[in-house]
Amino acid sequence: MTLRLHNTLSGKKEDFKPIDASNVRMYVCGPTVYDYAHIGNARPVVVFDILYRLLRHEYGPEHVTYARNITDIDDKIMKAAAEAGVEISEIAGKYTKIYQDDAAKLNALPPDEEPKATDYLDQMKAMIEKLIADGHAYEAQGHVLFHVPSMKNYGRLSNKNKDELIAGARVEVAPYKKDPRDFVLWKPSTADQPGWDSPWGRGRPGWHLECSCMTEDLAETIDIHGGGLDLIFPHHENEIAQSECAHGKPLANYWVHNGYLVLGGEKMSKSLGNIQTIHGLLKKFPGEALRLTLMSAHYRQPLDFSEEAVKDQKRRLDRWYRITEGAKEGEIPPAVLAALMDDLNTPKAIAALETEKNPGAVLAGARFLGLLTENSDDWFKGGVSDGPSGEEIEALIAERLEARKAKDFARADQIRKDLKAKGIILEDGPGGTIWRRTD
RNA sequence: GGCGCGGUGGCGGAGUGGCUACGCAGAGGACUGCAAAUCCUUGUACCCCGGUUCAAAUCCGGGCCGCGCCUCCA
C-alpha cells in the first residue's frame, strides 16, 4: 500500500516517495513560545503525530526523523518579557515546557528533534551572507532584506503573482524596500532589545529565516514540510525563497497543511480573541478525548470545535475502553491503516474501528492512533477533576448494597443520586456494582 | 479585486459515477427493583438550475451561500 498525501505544491493527492527510505525526514513548524497555545495550535500537533506514527510504521521507527522547531526569539516574546520584566529566555523556557507537557498529554510522541531558533544564529548569518553574495538579498538602513524579484518562481506554493501581492498589501511598505514584497532577513535591535552581533550590526533574525536553517540539519531537500494552512503565505513561501536561493534545490518535496479549527464557523485565533487554551481544556477533559476530537474531521477540513464535541468523543472512548477491557493487543485492522494511508483519513479510520468486532484489533488500532493507552480501570476511575476518593465511594457502595439487600430502594437510589451529583456513576452488573467518573 | 476551500439526514462527519459509511441524538424492543451499561430493530441526506451518462451526492457549466489567505497567525 502506498501512502498518499495531498501536496500543497501541486494541489493534488500524490503517492509519497521518500528521497531515502532509510531516512525519511519531516519538519513541522512549531510554536512561538510567548503564551499558552490554544486548541487550534494542537491540531497540527496531533495531525503530524499521526503522520509520524504512520511513517514509522511503514519505514521503521529508526528510519524516520521528525523535527518540530521552537521559535524562541520573536517580537511577541520580547513584548511578553518586557511586560514581565524578565529575560526572553525565561518566557520562552516557561512556555516551551508547557507546550511539551500539553503535547505529551495529547499522546503526541516527542519529535526526534526540537531545534530552537536561538541555537541557529551562526547558520542564519551564514545563510544571509550567501544570499547577499548571490544577489538575492541586500542591506538597507541596518536591515537585510530578501529581494523577491531575484527569484523567478516566487509565489508558486501560495499561487500568488506579483501584482496580486502588491495590490493586496495591507501593510505600509517600508521605504527602504526595493520591492514591496521584499521581506526581512535581519533587523536591528536597540540597546535594550535582545540582539546578536552581525556584519550588519547588532540585531535579530526575521521570522522565516530560522526554519530555513533548522531544516538544513535534516537535509537541503527534505521529504515533508508541514504546518497550518495559515503558514502557506507568507511563512512557507518565504522559507522556500530563502532555502532554494541559498541551496539551488527544492526545500521540500511534499508540503502538507492542516485546516483550521473553527468555532461557530470562524477561525480560532488569538487576534479574534475566541481562543481556548490546550492547557485549560486539559483541566476539563482527558487528553485522549481532545486528541480524538482533533482526529474526528479530516485534517484538511475545517474542524468545528465545541466542548459538546469533546464530550461526545469522551463517551466514544468510554465505549472503546469497555469493549477492550482485558483484551490482548492484536493486529491493527487493515481498514484503519488503509484509511490513514489515504491522506490521513482519520474519520474513516475511526469508523473502521467502530465496525471492528475483535477487541484485540480495536485495541491495536486505537493504540496506533495514540488512544486507549491507559488501562480501563484508571480511565474510568481517574477523571480530571476532584471528587470523592475511591475509599469513600467504595464505602457508599457497600452501604447501598446493604440497603438493596433490605429492599430499601429509596436509600439505595439516594446514594446513587448523591454520587451522580458528584460525577460518579454506579452500574449494577452481574459481577456486582462498578463505578466510574463522568469526566 | 485576486487566489483557495467548502455547502451531505436533527447534529457531527466520511464518501468522487451504480453497492447500509460511521458515531451521537430520536423511535421501538430485550435485560434491569429502578437506573446505567450492553444487545437487537428502525426512520431521516446529498444548496439551486442546467448539461453529460443506461446511471450523478460524486463529472461539466452557471448561480446562490459560508469560510479562509492576500506580509501577526497552527
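In what follows, chains carry the letters A, B, and so on, assigned in the order in which the sequence lines appear, proteins first and then strands, with residues in each chain numbered from 1.
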Enquirer: At 4.0 Å (heavy atoms only), tell me whether A:N345 reaches a base, stays on the sugar-phosphate, or touches nothing.
Expert: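 Counting heavy atoms under 4.0 Å across all strands, the contact made by A:N345 is with sugar-phosphate only.
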Enquirer: Taking 4.0 angstrom as the limit, do A:D75 and A:R204 come out as a salt bridge?
Expert: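 The answer is yes: the pair qualifies as a salt bridge.
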Enquirer: Hunt down the Watson-Crick or G-U wobble partner of B:C34, both distances under 3.5 Å, from any strand shown, or write none.
Expert: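 Base-paired to nothing in any strand shown.
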Enquirer: Which of the following nucleotides, B:U71, B:G33, B:U38, is nearest to the side chain of A:R404?
Expert: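 The listed nucleotide nearest to A:R404's side chain is B:G33.
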Enquirer: If pairing requires Watson-Crick or G-U wobble contacts with both distances under 3.5 Å, which nucleotide is the partner of B:C46?
Expert: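 Because no pair has both required distances under 3.5 Å, B:C46 counts as unpaired.
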Enquirer: With both distances under 3.5 Å as the test, what is the Watson-Crick or G-U wobble partner of B:G6?
Expert: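 WC or wobble partner is B:C65.
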Enquirer: In whole Å, I'd like the distance from the CZ atom of A:R156 to the C1' atom of B:C3.
Expert: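 Rounded to whole Å, this separation is 17 Å.
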Enquirer: Of the nucleotides B:G12, B:U71, B:A14, which has the atom closest to the A:D304 side chain?
Expert: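 Among the listed nucleotides, the one closest to the side chain of A:D304 is B:G12.
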Enquirer: Checking contacts here: which listed nucleotide (B:A74, B:A37, B:A21) is nearest the side-chain heavy atoms of A:L231?
Expert: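 Closest nucleotide to the A:L231 side chain: B:A74.
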Enquirer: Write down the distance separating the P atoms in B:U8 and B:A45, rounded off to the nearest Å.
Expert: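 That atom pair is separated by 14 Å.
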Enquirer: To the side chain of A:A297, which of B:A74, B:C22, B:A14 is closest?
Expert: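 Shortest atom-to-atom distance from the side chain points to B:A14.
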Enquirer: Expressed as a whole number of Å, how far does the C1' atom of B:G43 sit from that of B:A27?
Expert: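 Pairwise C1' distance, B:G43 against B:A27, rounds to 8 Å.
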Enquirer: Is A:E244 paired with A:R156 through a side-chain N to carboxylate O contact shorter than 4.0 Å?
Expert: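 Salt bridge flag = yes for A:E244 with A:R156.
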Enquirer: Output the single nucleotide from B:U38, B:C70, B:G23 whose closest atom is nearest the side chain of A:K160.
Expert: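 When the side chain of A:K160 is considered, B:C70 is the closest of B:U38, B:C70, B:G23.
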Enquirer: Between B:G10 and B:C46, how far apart are the two C1' atoms, rounded to whole Å?
Expert: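 The answer is 15 Å between these two C1' atoms.
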Enquirer: Hey, does the side chain of A:N159 come within less than 4.0 Å of B:C3's phosphate (OP1/OP2), counting only N and O?
Expert: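 No, outside the criterion.
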Enquirer: Taking A:S212's backbone N and O only, do any of them form a donor-acceptor pair with A:Q242's side chain (distance below 3.5 Å, no angle check)?
Expert: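 Side chain of A:Q242 to backbone of A:S212: no pair is present.
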Enquirer: Would you mind classifying the nucleic acid contact of A:L426 as base, sugar-phosphate or nothing, using non-hydrogen atoms under 4.0 angstrom?
Expert: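 The answer is base, as A:L426 lies within the cut-off (heavy atoms under 4.0 Å) of a base atom.
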Enquirer: Contact class for A:Q313 (heavy atom, under 4.0 Å): base, sugar-phosphate, or nothing?
Expert: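 Touches nothing.
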Enquirer: Taking the P atom in each of B:C11 and B:C5, what is the distance between them to the nearest angstrom?
Expert: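 Approximately 26 Å lies between the P atom of B:C11 and that of B:C5.
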Enquirer: With heavy atoms under 4.0 Å as the rule, sort A:K76 into base, sugar-phosphate or nothing.
Expert: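 Sugar-phosphate contact only.
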Enquirer: Between A:Q276, A:M268, A:K267, which is the residue that forms a side-chain contact (heavy atoms from CB on, under 4.5 Å) with A:L261?
Expert: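 Of all the options given, the one that passes is A:M268.
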Enquirer: How far, in whole Å, is B:G50 from B:C64 if one measures between their C1' atoms?
Expert: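 Comparing C1' positions in B:C64 and B:G50 gives a spacing of 15 Å.
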Enquirer: Applying a 4.0 Å non-hydrogen cut-off, can you work out what A:R436 is touching in the nucleic acid: base, sugar-phosphate, or nothing?
Expert: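 Sugar-phosphate: the residue A:R436, judged by heavy atoms under 4.0 Å, touches backbone atoms but no base.
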Enquirer: Distance check, P atoms only: B:G51 and B:A56, in whole angstrom units.
Expert: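 Comparing P positions in B:G51 and B:A56 gives a spacing of 12 Å.
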Enquirer: CZ of A:R43 versus C1' of B:G68: gap in Å, rounded?
Expert: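 Result: 13 Å.
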Enquirer: Within the stacking criterion (centroid distance below 5.5 Å, interplanar angle below 30°), does A:F409 stack on B:G33?
Expert: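 Yes, A:F409 stacks on the base of B:G33.
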Enquirer: Determine the Euclidean distance between corresponding P atoms of B:G18 and B:G28; express it in Å to zero decimal places.
Expert: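 Approximately 36 Å lies between the P atom of B:G28 and that of B:G18.
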Enquirer: Give one of base, sugar-phosphate or nothing for A:G40, where a contact means two heavy atoms less than 4.0 Å apart.
Expert: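 Here A:G40 touches the bases of the nucleic acid.
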Enquirer: With sugar-phosphate meaning primed atoms plus P, OP1 and OP2, does A:K267 contact a base, only sugar-phosphate, or nothing at under 4.0 Å between heavy atoms?
Expert: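 Base contact.
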Enquirer: Could you point out which residue of A:R436, A:K420, A:R416 forms a salt bridge (Lys or Arg N to Asp or Glu O under 4.0 Å) with A:E427?
Expert: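 Per the salt bridge (Lys or Arg N to Asp or Glu O under 4.0 Å) rule, the option paired with A:E427 is A:R436, out of A:R436, A:K420, A:R416.
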Enquirer: Of all the choices, B:G33, B:A74, B:C70, which nucleotide is nearest to the side chain of A:P44 once you look at every atom?
Expert: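 For the A:P44 side chain, the nearest candidate turns out to be B:A74.
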Enquirer: With sugar-phosphate meaning primed atoms plus P, OP1 and OP2, does A:R400 contact a base, only sugar-phosphate, or nothing at under 4.0 Å between heavy atoms?
Expert: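 Base contact.
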Enquirer: If only side-chain N and O atoms of A:R319 are considered, is one of them under 4.0 Å from the OP1 or OP2 phosphate oxygen of B:G23?
Expert: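 For A:R319, the contact criterion (side-chain N or O under 4.0 Å from OP1 or OP2 of B:G23) is not met.
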Enquirer: Inspect the contact between A:R300 and A:D343 and indicate whether a charged nitrogen and a carboxylate oxygen are less than 4.0 angstrom apart.
Expert: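 A salt bridge links A:D343 with A:R300.
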Enquirer: Take A:I415 and A:L419 through the test side chain to side chain contact (heavy atoms under 4.5 Å, CB included) and record every step on the way to the result.
Expert: CA-CA 6 Å; A:I415 290 169; A:L419 282 171; 4.2 Å; yes
Enquirer: Indicate, yes or no, whether a donor-acceptor pair under 3.5 Å links the base of B:G23 to the side chain of A:R315.
Expert: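 Per atom types, no contact qualifies.
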Enquirer: So which nucleotide from B:G23, B:G68, B:U38 ends up closest to the side chain of A:E354?
Expert: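 That would be B:G23.
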Enquirer: Is A:S269 touching bases, backbone alone, or none of the nucleic acid, heavy atoms closer than 4.0 Å?
Expert: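 Counting heavy atoms under 4.0 Å across all strands, the contact made by A:S269 includes a base.
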Enquirer: What's the CD-C1' distance between A:E308 and B:G13, to the nearest Å?
Expert: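 My rounded result for the distance is 16 Å.
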Enquirer: Could you check whether A:G429 gets within reach of a base, just the sugar-phosphate, or nothing at all, counting any heavy atom under 4.0 Å?
Expert: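 Here A:G429 touches no strand at all.
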Enquirer: Report which part of the nucleic acid A:A309 touches: base, sugar-phosphate, or nothing (heavy-atom distance under 4.0 Å, all strands).
Expert: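 If one applies the 4.0 Å heavy-atom cut-off, A:A309 turns out to touch nothing in the nucleic acid.
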Enquirer: Considering only atom C1', compute the distance from B:G13 to B:G61 and round it to an integer number of Å.
Expert: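 My reading of the C1' atoms in B:G13 and B:G61 gives 29 Å.
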Enquirer: Could you give the NZ-to-P distance, from A:K12 to B:C5, as a whole number of Å?
Expert: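 In whole Å, B:C5 P and A:K12 NZ are 12 Å from each other.
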Enquirer: What is the distance from CG of A:L317 to C1' of B:A37, rounded to the nearest Å?
Expert: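 Distance, rounded to whole Å: 16 Å.
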Enquirer: Angle class for the A:H236/A:H257 ring planes (parallel below 30°, perpendicular above 60°, tilted otherwise)?
Expert: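 Tilted.
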Enquirer: Roughly, in whole Å, what's the span from CD in A:E239 to P in B:U71?
Expert: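 Rounded to the whole Å, the gap is 18 Å.
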Enquirer: Does a salt bridge link A:D318 with A:K314, judged by any charged N lying under 4.0 Å from a carboxylate O?
Expert: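 Yes, A:D318 and A:K314 are salt-bridged.
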Enquirer: If I compare all heavy atoms of A:C245 with all of A:L131, which pair ends up nearest, and what's the gap?
Expert: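 Reported closest heavy-atom pair: CB-CD2, 3.7 Å.
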Enquirer: Base, sugar-phosphate, or nothing: which does A:L261 touch, judged by heavy atoms less than 4.0 Å apart?
Expert: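 If one applies the 4.0 Å heavy-atom cut-off, A:L261 turns out to touch a base.
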Enquirer: Look through every strand shown and name the nucleotide pairing with B:G23 as Watson-Crick or G-U wobble, where both distances are under 3.5 Å.
Expert: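 Check on B:G23: paired to B:C11, both distances under 3.5 Å.
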Enquirer: Take the protein atom CD1 of A:I425 and the nucleotide atom C1' of B:C34, then report the distance between them rounded to whole Å.
Expert: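 Value for this atom pair: 14 Å.
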Enquirer: Relative to the 5' end of RNA chain B, which residue comes earlier, A:M268 or A:K357, by the nucleotide with the nearest heavy atom?
Expert: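 Whichever sits nearer the 5' end wins; that is A:K357.
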Enquirer: Categorize A:D428 for me: base, sugar-phosphate, or nothing, with a 4.0 angstrom heavy-atom threshold over every strand shown.
Expert: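 Contact class for A:D428: base.
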Enquirer: Between A:D413 and A:H38, which is nearer to the 5' end of RNA chain B once each is assigned its nearest nucleotide?
Expert: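 Residue closer to the 5' terminus by nearest nucleotide: A:D413.
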Enquirer: To the nearest Å, give me how far apart CH2 (A:W255) and P (B:G4) are.
Expert: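 My rounded result for the distance is 19 Å.
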Enquirer: Ignoring hydrogens and geometry beyond distance, is the side chain of A:R416 in donor-acceptor contact with the base of B:A35 at under 3.5 Å?
Expert: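 Per atom types, the contact qualifies.
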